[in-house]
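Okay, structure first, notes after.
Please read all numbers here as calculations on a predicted model, not as lab measurements.
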Amino acid sequence: MDAGDDDAVLQYAVAAIADESAGAGELAAGLAALCDVLAVSGPDFILAIPHAGLAARLPALLAGGSGSGSGSGACGSSDVPLLAARAIAEACEAAPQWAPRFARHGAVDALRDRLLAVDCIELAEECLRALDAISLECPDECLRRGVAAAVLQFFDFFSTNKQKVALQIVWNVFTDYDEVNAAKAMEAVPALCNLLQYSDRMILESTISCLALAAAGASGTKHMSKLCESNVVQVTMTLMVDEGWKSLNDATLTGILGLLKGLASVSAKAVKSLFELNFCELLEQMITYYSYLHHDSHKVQILVELIYQLMPPLKTSDQHAKLVTAKRKLIMRQSRYMNQLASIVALIVQVAKSAALSSICHSCVVLIGKIVQLITPNFLVELQRTVNLSSFLNCLLARKNHHILFETLKISRTLLEKDQLFSLETFTKEGVKHAIEYIVSQSKNTSHQSERNNSMKESCLCFDLESSSTVEACSIENDAVMELAEEIKKNFFSVKRSKKTSHRFGFTLRSVRDFFARLNVYALTHPAENPDSCKQLSDLSRRLLSDELPVTSTFEFVQSGSIKCFAVYLSNGAYCNADLNDGPVLEQLSKVQSRLQQFANLALTLSNKSSANPLGILVEKLLDTLHMCYDSFPVMLSDEQISRESMMIPLRYPEAQEPTLLELKFRRSRKERELRNYNGVLSVDLFSTPDTTEPILFPRVFRRTDQEAASKNSNQEIEANGSKKLVESKNDDGNRSSRLRFLYNGVTLQPSVTFFESILRLMNKGQSDLLIDPSFWEKEHNITYRKRKKSKEISSQSSYYTRLSHVQENLQRAWLKDPFFTAILHGKLPGDLDVSDLSYNLLFMLKVLEGLNRFSYQLLMDEQINKFAEGTLQDLNDLEVSIYPVPRHHFISSLLVNKLEVQMQDTFFEDGLIPSWCVYLVETCPFLLSFDTRWKYFCLTVHRSFIPDQVNSSPEQVHNTLNQVNGHLDQVKSPPQSKKYRVARSAILEGAVSVMTSHGSSSRIIDVEFEGEVGTGRGPTFEFYTTVTHELQRGGLGMWRGDSGEHGFIHAPFGLFPKPWSPSGTSSQGVDFTNMLQKFKLLGNLVARAVLDGRILDIPLSKAFYKVMLEQELDIYDIPLFDPELGKIVIEFQALVSRKNFLETSSRASNPMVDLTYKNVKLEDLCLDFTLPGNPEYELVPGGSEKPVTLESLGEYVSLVADATLKSGIAKQIEAFKSGINEVFALKALKMFTEEEMECILCGEQDAWALKNLEDHMEFEHGYDMSSQPIIIFLEILREFGREEQRAFIQFSTGAPQLPLGGLASLEPKLTVVRKQCDGNVDDELPSVNTCRHFIKLPPYSSKEIMRTKLKYAITEGLGSFHLS
């Protein structure tokens, strides 16, 4: 139909409809023609239709006010109402502007009445359709006319699709409705509450959303009571209990919480119902989950606000008076209700201390303040026995945010008002009194005030929890914090200063100093000369670390200087000491080593297993103190946040975008005379740092005296426009050489931190959250520069550190080369951190203690060997040590985890704008962050490892590389594209090499299919990785220890480790050395690809091999990790060598060699020669098979065995393996993980599933649900499976024998069981699968025994090929 035809039909239809004398048949024909035209016309055509007549006539026809012709139609009497409703729907859907026209002429009433009349279901559905369109444009009109209740009146009569339309109409009219219409909204509430019994998920979720909107709009008590009378609280709670809230989608859960919050805010009855249902316990579970596991700040905020509404409002207006009285009576008369509130305080305190955002912390503090105000003095004393509120307040008073400070001071005042004596005592001990007095002292510091005035305005956190509305004007005046602090000091601290505080500090400090003085004596005195010294020291250690430290407040711990005392002692005075430059290097190294061993012996050994671990107590105290350094780790926030899954695969290149530039105006310092004044603006990208900008700026500001320096930089100046941030100068030792010092507002900028971050932090000085204001990008930021003066002290220090590093390289023990030992040896952390910040001391000590804990076995074994050498131990069997290391998760800082999680949700993070503290922690102190957080960080940042190192590339190479990357960006989106390869099972290793070689460093995901098989996608690809890793475990390849050359798979109960090859590279088994190295390179490729693509490898690598993968040093203590028998012997031989060396140099031994045997057997009688144990063809020295091992040559033998086993014998294999990883991404990116974590990343979860939660992570569809008898039997069978059967089932259903990182819960898509359609006898059928979609097609077997038999047959015989499923 063309435009002319449309016009003709329209004219006919309008005329027919307008004719009031027309019969029903004529009207129906006109309406039908109108509907046809509207259905095919665009909005412009429909809007051009004269509306005056139609807008009034169609509602009238729908209502039945015109047209009385006889004849039966679709509705039993006439088609006219049906067609009129359809025409209204068609017009409003195509051109929404028609909706208010119809509404003005009574269409809403007509549609509502026809809907309630239920003349016929077809007419009712057309009315729903029309109301759906009109309610979008005229929600208030629809609500006033009672549409919400009407569309739900005959809900059960509609189809599922139309039921969802009805709920959509309710949602439309409830969204942001005016309170004057609350009564009409409440008319629909009973019907909505009835719908909560529905099993359909979408209907249930839509109903909850509607109820939440109803509660949000009806803030009045009278209207909200209707919701309470409808048992909404009880019904919604049934959806939440037994962790049901975890299965609700985000919108539904948010809706429920909002609904309950609204009810609690106005109804004491709702509050009572929640308390009776033990709601606080549920809240604790949810807050813990969203604070520490799922990191959802928005949910935490809602939950905190919900708890707040359980209590009486603080406002005492007439509007709230009755509610205040009702809630207060309810809570105060029921002690169990008060106990529920008190039980949640401890959790809220931890959430506030660890919250990444000031807004969350502020909400928690406001909540705690309300609880403290509510409870009685006696109950408050009881509460403080379980929750150290004073310590919490002191932690918050260390922050700079005025809103948090003000609310904290209010709590302090309330506590003092309720119990001045008790509170003042704890305030003094925990430092609250000291902190308040410090705030008061700042009132005289005018520079402090001016500094705040120059910074950006602090973001207002004020909000009215009573009405859940944002307050426009900040309620905290400029001097409010100072005035409140002065009030508290005047009214409560007016008594003379207690001497108890200084005495306590003195006692703590004396205890610490006495402890280290005794340690020093112990270090200088031989145990044989003073046998009681060890016991005395152990007693003192227990008293200080296990008894004193737990009861020492964080404030006392910091003020006493204990942290620095620990650092100075362990580093032998090197900590933050610049005067060690000329000291003897070997002596310093020896003393530090000795002190670490002594401290490890005291801190890691327990008198009995039930004792508290001293090191654990110290770590806990340090982490608690770290909460006081909240502002040292500011979060940079833009306008947009992204919710990220905890388990994800690494991102590829982000989409290409125009780079954001920062305008920097460089000016010479006033005192600078040697440099020219640049006084110009440079546009730099957001990644530019002082280090990378200096080569661009320096040539432009030098004078003639700097000619030589200028000539060295001339090439860099030419390329400045194209690669400003890619060029830097370095010293001979590889460190950056800075010739300029850059300043912003008089503050020196850190050379390695971006200008963007430094300026943002200084502009927001005194704030915890760095909010990026839009005006930030419009400003020119003034940067001052001056020439950096060369420091002889720095040069001397550099020389000293170089000598230390050189000595370290030649040490035998791995722990002596670890970064933690380097830090304590140098007495400083790597990088250019601010030494004056309290966090520096804490990070230093935590790094040292984590390293000491990690190497506790090696440290104490070294000490045991020394004791054996000196004769304190007589028997080699006594070399074993009993240690109780602190579990690694005890080193995790919840504060830093939360901050990094929030930072990673910001859009800037994905673009590479990562605050320097994030990078520093991940690279230097990864142990402070949880594995999930580090994995997420890796996924978001590893794509930058795909680009070659630009610093060492020529400008042309950089330009070409960037062009290649930019050209690739359009191809790599989210999810990333894949590339398919076809391989033959009969030549799987050759095919794998070909795939990896062809794919190279491409960021695309590899998909594999097998020749001659129909399967493709995820399942065959998982099978490919599994099969290849199995093939690499076959004997005869010369790759692994224990390979005797026989066919079959290598049995390695302690994990696979490379087999040493002699320098000649020959093998009696006829294995080609080059071919063997190619397989290690292939393994490296597989590892890298498995990490990037989220694949699973089924290969049991040893812990020692993972350490090599993470570029960690190995020593003799690592040999037991893959060969316990050999490792034990090597360690015992090393002890014997140490004994021999001691006796040779000791004046106390008259005949040093007379009793030196190996377990009463002479070395010569062991018949050892200089060949590698277990590998006689590997000669440790030329002619080694003919050279016997004697006592004299035992030291050389041990050294050569260790070298061949851990270094030279496997060096080329390890080099090939690492090169395979580096071909894909930089291996160093994996160093943030531990050995156990790498095994989990590569090989998946070792525990196949948690039996009790099996059904929670599976779906049942197409004929099955949770209550189906075959499903009940199926789950029973799975729970009865053993480990190998579980592996077989997982491989059968997913293609890999292990579940991915995160276990069954992270399987994507979810494991889904559907009913298999069978043509013949059901019991003759086998289960089948679709591994790509994780679909299990299960026949409904007649018995459990038959199902078990068929399932076992399928999972064992159905592997190894992909045919029709």
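- Here I1277 contributes atom CD1 and M1347 contributes atom CE; the two are 5.5 Å apart, rounded to the nearest 0.5 Å.
- Two residues are said to be in side-chain contact when any heavy atoms from C-beta on lie closer than 4.5 Å; F1274 and L1278 meet this criterion.
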Query raised in the report: Which is it for K1228 and E1111 under the salt bridge (Lys or Arg N to Asp or Glu O under 4.0 Å) test, yes or no, and what are the steps along the way?
Result: CA-CA 8 Å; K1228 64 181 180 180; E1111 298 193 307; over 6 Å; no
Would you please test W935 and L929 for side chain to side chain contact (heavy atoms under 4.5 Å, CB included) and show each step? CA-CA 10 Å; W935 172 248; L929 305 168; over 6 Å; no
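- Under the 4.5 Å side-chain criterion, counting only non-hydrogen atoms from C-beta, P1058 is not in contact with M1039.
- Under 4.0 Å is where a charged nitrogen must lie from a carboxylate oxygen, and between R982 and E1011 no such pair does.
- The minimum heavy-atom distance between V1071 and W1061, with the atom names listed, is O-CH2, 3.5 Å.
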Q.
Evaluate F1080 against W1040 for ring-ring contact (aromatic ring centres under 6.0 Å, His included), listing each step before the verdict.
A. CA-CA 10 Å; F1080 269 105; W1040 309 110; 5.2 Å; yes
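- Nearest heavy atoms, C1243 versus Y1106: SG-OH, 3.6 Å.
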Checking salt bridge (Lys or Arg N to Asp or Glu O under 4.0 Å) for the pair E1239/K1103: CA distance, chi angles, key distance, verdict? CA-CA 8 Å; E1239 182 178 23; K1103 183 179 179 181; over 6 Å; no
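- Between R1315 and P1340 the shortest side-chain heavy-atom distance falls below 4.5 Å.
- Here the side chains of F1260 and S1268 are not in contact, with every heavy-atom distance at 4.5 Å or above.
- Note that CD1 of I1050 is 8.0 Å distant from CD of Q1033, once rounded to the nearest 0.5 Å.
- A distance of 9.5 Å separates OG1 in T660 from CG in D685, rounded to the nearest 0.5 Å.
- A donor-acceptor distance shorter than 3.5 angstrom exists from the side chain of Q905 to the backbone of H295, with no hydrogens or angles considered.
- A donor-acceptor pair is defined here as one N or O able to donate and one able to accept, closer than 3.5 Å; no such pair exists between the side chain of T252 and the backbone of L248.
- Looking at H999, its side chain does come within 3.5 Å of a backbone N or O of R1004 through a donor-acceptor pair.
- Both cation-pi conditions hold for R1034 and F1049: the charged atom is under 6.0 angstrom from the six-membered ring centre and inside a 45 degree cone around its axis.
- Applying side-chain contact (heavy atoms from CB on, under 4.5 Å) to L1242 and the options I1096, V1087, I1099 leaves one that passes, V1087.
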**Request:** I would like to know whether L900 and C918 meet side chain to side chain contact (heavy atoms under 4.5 Å, CB included); could you show each step before the answer?
**Result:** CA-CA 7 Å; L900 183 52; C918 301; 3.7 Å; yes
Pair V1091, V942 - check side chain to side chain contact (heavy atoms under 4.5 Å, CB included), show working. CA-CA 10 Å; V1091 171; V942 73; over 6 Å; no
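- Across every non-hydrogen atom of Y1264 and P1339, the tightest pair is OH-C, 3.4 Å.
- Shown here for E1285 and G1282, the closest heavy-atom pair between the two residues is OE1-N, 2.9 Å.
- Under the 3.5 Å distance criterion, the side-chain polar atoms of D1043 are left unmatched by any main-chain donor or acceptor of G1035.
- Here the side chain of Y1341 pairs a donor or acceptor atom with the backbone of E1325 at under 3.5 angstrom.
- Counting non-hydrogen atoms of neighbouring residues, nucleotides and ligands closer than 6.0 angstrom, the NZ atom of K1107 exceeds 12 such neighbours.
- No side-chain donor-acceptor contact under 3.5 Å links E1223 to the backbone of G1220.
- Side chains of N1075 and Q1078 form a contact here, defined as non-hydrogen atoms less than 4.5 Å apart.
- By the 4.5 Å heavy-atom criterion applied to side chains, V1008 and P1020 are not counted as neighbours.
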Practice task
Could you go through the salt bridge (Lys or Arg N to Asp or Glu O under 4.0 Å) check for D1098 and R1287 one step at a time?
Solution key: CA-CA 10 Å; D1098 190 27; R1287 281 173 53 88; 2.8 Å; yes
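- Put simply, the side chain of S998 gets close to the backbone of S994: a donor and an acceptor are under 3.5 Å apart.
- Nearest heavy atom pair, residue A1104 against residue F1057, reads CB-CE1, 3.7 Å.
- Screening T1027, V1028, T1026 for a side-chain contact (heavy atoms from CB on, under 4.5 Å) involving F1024 leaves a single residue, V1028.
- With hydrogens and angles disregarded, no donor-acceptor distance shorter than 3.5 Å links the side chain of D1007 to the backbone of K979.
- A salt bridge between K1212 and E1215 is absent, with no side-chain N of the basic residue lying under 4.0 Å from a carboxylate O of the acidic one.
- Taking NZ from K1079 and OG1 from T1074, the interatomic distance works out to 11.0 Å, rounded to the nearest 0.5 Å.
- Between the side chains of T933 and S930, a donor-acceptor pair is found at a separation under 3.5 Å.
- For the pair R985 and F1010, the distance from NZ or CZ to the six-membered ring centre is under 6.0 Å and the angle to the ring normal is within 45 degrees.
- Residue I988 comes nearest to V983 through the heavy atom pair CD1-CG2, 4.1 Å, listed as atom of the first residue, atom of the second, then distance.
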**OP:** Apply ring-ring contact (aromatic ring centres under 6.0 Å, His included) to the pair F1233 and F938, showing each step before the final yes or no.
**Re:** CA-CA 10 Å; F1233 303 113; F938 174 84; 5.7 Å; yes
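- Counting only heavy atoms from C-beta outward, the side chains of K1316 and L1338 never approach each other to under 4.5 Å.
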Quiz item: Taking it one step at a time, do K936 and E901 satisfy side chain to side chain contact (heavy atoms under 4.5 Å, CB included)?
Solution: CA-CA 9 Å; K936 193 180 296 184; E901 285 282 349; 2.7 Å; yes
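- Side chains of T1312 and M1258 form no contact here, defined as non-hydrogen atoms less than 4.5 Å apart.
- Under a cut-off of 6.0 angstrom, the local environment of NZ in K1081 is sparse, with at most 12 non-hydrogen atoms contributed by other residues, nucleotides or ligands.
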Show your working on ring-ring contact (aromatic ring centres under 6.0 Å, His included) between F1217 and F1105 and close with a plain yes or no. CA-CA 11 Å; F1217 171 76; F1105 190 81; 4.9 Å; yes
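- The closest donor-acceptor contact from the side chain of N1085 to the backbone of M996 lies at 3.5 Å or more, if one exists at all.
- Between E1237 and R934, at least one side-chain nitrogen of the basic residue sits less than 4.0 Å from a carboxylate oxygen of the acidic one, meeting the salt-bridge criterion.
- Side chain of D1093 to backbone of R1095: no donor-acceptor contact under 3.5 angstrom is found.
- Taking CG of L1056 as the start and OG of S1102 as the end, the distance is 7.0 Å to the nearest 0.5 Å.
- Here the OG1-CD1 distance, from T1021 to I1006, works out to 9.0 Å after rounding to the nearest 0.5 Å.
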